[in-house]
Amino acid sequence: MIKQKLKQEVAQAAVMLWKKGLSIGRDAGDTSFRDPKDQLIYICPRPTEKLIIKNWGITKAEHIVVINPKGEVVDGGDILPTLEAPMHLSIYKARPEINAIVHTHPVWSTVFAITGKNIPLIDAEMDAFLGGEVVCAEYAEVGTEELGQNVVAALGTTKFAALIRNHGAVCIGTDFDNAFNTSNFLEKSAQTVVFGTLMGGVIAHDKLEYTPKRFRNA
Ligand SMILES: [Zn+2]
């Protein structure tokens with residue numbers, strides 16, 4: 001069953017991308033949500049000449065497309081799903097416990113994505129909210145199945161964020177609140193590691209346990 005409330009949530013998350021500066025124009029980045037009841041995926045549209053969306057700041061529920069796990073449109077009329085739908089589908093298939101994806105093009109994380117570097121584990125927040133070190137996925141072309149597989153490999157079974165090489169980042173969670181929380185900590189981690197490196201180098205760890213587990217994403 002198509003749920004208007006979920007279309008609104010995905011549209012609001014897209015607007016949030018714009019407001020937070022995680023998508024600086026056009027259709028950079030996107031958001032989606034999987035209904036745990038019937039596995040249908042509510043996802044950002046693909047802007048076209050017919051559907052002009054100058055930035056995600058104007059996204060409305062009526063723009064949101066609903067697809068099934070095979071990627072077939074089940075609700076959306078002439079509107080196509082975002083070009084990055086294959087990546088969203090691959091992540092949902094690999095991580096059944098998560099239901100929200102926020103794909104971002106943020107400045108500080110992209111510094112790592114364009115240099116092909118992982119963000120090392122430097123504080124307990126990264127352990128709690130990102131799942132430890134953030135891995136930079138192998139390069140693949142935008143919108144391809146290969147890109148989805150490379151991102152799935154970078155996320156593994158326990159991480160909540162990954163860098164997309166020469167492109168951006170992806171954050172996942174049980175809901176949008178968790179996915180955006182992850183995104184906030186991802187940008188903070190990237191920024192602090194850049195400055196720490198300029199100050200002579202960061203002290204990276206293999207493990208930095210975060211005690212209050214109730215704050216974890218999933
Ligand atoms: Zn992108």
Side-chain angles (χ1 to χ4, degrees), residues 10 13-14 17-18 22-34 39-53 55-56 59 63-76 78-119 130-131 133-173 179 182-183 186 190:
V10 174
L17 272 191
W18 170 254
L22 301 169
S23 167
I24 60 171
R26 303 298 187 215
D27 59 336
D30 37 49
T31 57
S32 73
F33 186 84
R34 169 171 58 188
Q39 306 299 303
L40 290 180
I41 295 156
Y42 295 67
I43 193 163
C44 277
R46 186 182 314 180
T48 60
E49 284 179 3
K50 278 187 185 170
L51 179 70
I52 296 171
I53 296 182
N55 59 66
W56 290 134
T59 315
H63 298 139
I64 302 305
V65 186
V66 185
I67 57 177
N68 65 21
K70 290 181 188 164
E72 297 159 343
V73 176
V74 295
D75 185 78
D78 292 337
I79 304 176
L80 296 169
T82 168
L83 193 65
E84 293 294 12
M87 177 179 73
H88 290 248
L89 291 169
S90 297
I91 295 170
Y92 285 127
K93 191 174 174 191
R95 297 290 292 269
E97 83 283 14
I98 69 103
N99 292 305
I101 296 175
V102 176
H103 164 41
T104 57
H105 287 192
V107 174
W108 293 101
S109 302
T110 304
V111 170
F112 286 84
I114 62 171
T115 51
K117 289 183 165 61
N118 297 351
I119 305 176
L130 306 180
E133 178 188 47
V134 181
V135 175
C136 184
E138 291 295 318
Y139 179 78
E141 206 174 310
V142 171
T144 59
E145 296 278 344
E146 188 187 3
L147 179 76
Q149 290 312 312
N150 292 352
V151 170
V152 163
L155 283 168
T157 55
T158 56
K159 294 182 189 296
F160 298 107
L163 300 165
I164 310 174
R165 190 165 300 204
N166 298 105
H167 183 158
V170 67
C171 295
I172 61 177
T182 297
S183 174
L186 176 65

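- Judged purely by atom type and a 3.5 angstrom limit, Ser23 uses its side chain to pair as donor or acceptor with the backbone of Ala28.
- Leu130 is listed as a side-chain neighbour of Leu186, based on a closest heavy-atom distance under 4.5 Å.
- Checking side-chain atoms of Arg165 against main-chain N and O of Ala137 turns up a donor-acceptor pair under 3.5 Å.
- Judged as a salt bridge (charged side-chain N to carboxylate O under 4.0 Å, His left out), and not counting sequence neighbours, Arg46 has no contacts.
- Counting only distance, with no hydrogens or angles, the side chain of Thr158 and the backbone of Gly131 share no donor-acceptor pair below 3.5 Å.
- Under the 3.5 Å distance criterion, the side-chain polar atoms of Arg34 are left unmatched by any main-chain donor or acceptor of Leu89.
- When side chains are defined from C-beta on, Thr59 counts as touching Ile64, because their heavy atoms get closer than 4.5 Å.
- Thr182 and Ala161 make their closest contact through CG2-CB, 3.9 Å (heavy atoms, listed as atom of the first residue, atom of the second, distance).
- To the nearest 0.5 Å, the span separating CZ on Arg95 from CD1 on Ile172 amounts to 4.0 Å.
- Counting heavy-atom neighbours within 6.0 Å of Ile24 CD1, excluding the residue itself, gives a total of 12 or less.
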*Could you walk me through whether His88 and Ile67 pass the side-chain contact (heavy atoms from CB on, under 4.5 Å) check?*
CA-CA 11 Å; His88 290 248; Ile67 57 177; over 6 Å; no
*Could you give me the CA-CA distance, side-chain angles and deciding distance for Tyr92 and Ile98, then say whether side-chain contact (heavy atoms from CB on, under 4.5 Å) is met?*
CA-CA 7 Å; Tyr92 285 127; Ile98 69 103; 3.9 Å; yes
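- Between Val134 and Asn118, every side-chain heavy-atom pair lies at or beyond the 4.5 Å cut-off.
- Side chain of His103 to backbone of Cys171: no donor-acceptor contact under 3.5 angstrom is found.
- Side chain of Lys159 to backbone of Glu133: a donor-acceptor contact under 3.5 angstrom is found.
- Side-chain contact between Ile43 and Asp30 is absent, with no heavy atoms from C-beta onward closer than 4.5 Å.
- Judged by distance alone, the side chain of Asn68 and the main-chain N or O of Leu40 form no donor-acceptor pair under 3.5 Å.
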*Before giving the answer on side-chain contact (heavy atoms from CB on, under 4.5 Å), spell out for Leu83 and Val142 the whole-Å C-alpha distance, their side-chain angles and the decisive distance to 0.1 Å.*
CA-CA 8 Å; Leu83 193 65; Val142 171; 3.9 Å; yes
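- The CE atom of Met87 sits 6.5 Å away from atom NE2 of His167, with the distance rounded to the nearest 0.5 Å.
- Without hydrogens or angle criteria, Trp56 side chain to Cys44 main chain gives no donor-acceptor distance under 3.5 Å.
- Shown here is Glu72, whose CD atom has more than 12 heavy atoms of other residues, nucleotides or ligands within 6.0 Å.
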Distance-only criterion, 3.5 Å: show the donor-acceptor pairs between side-chain atoms of residues 107-115 and protein atoms not counting sequence neighbours.
residue : atom : partner : partner atom : Å
Ser109  : OG   : Glu187  : OE1          : 2.5
Thr110  : OG1  : Pro106  : O            : 2.3
Thr115  : OG1  : Val111  : O            : 2.8
Thr115  : OG1  : Phe112  : O            : 3.1

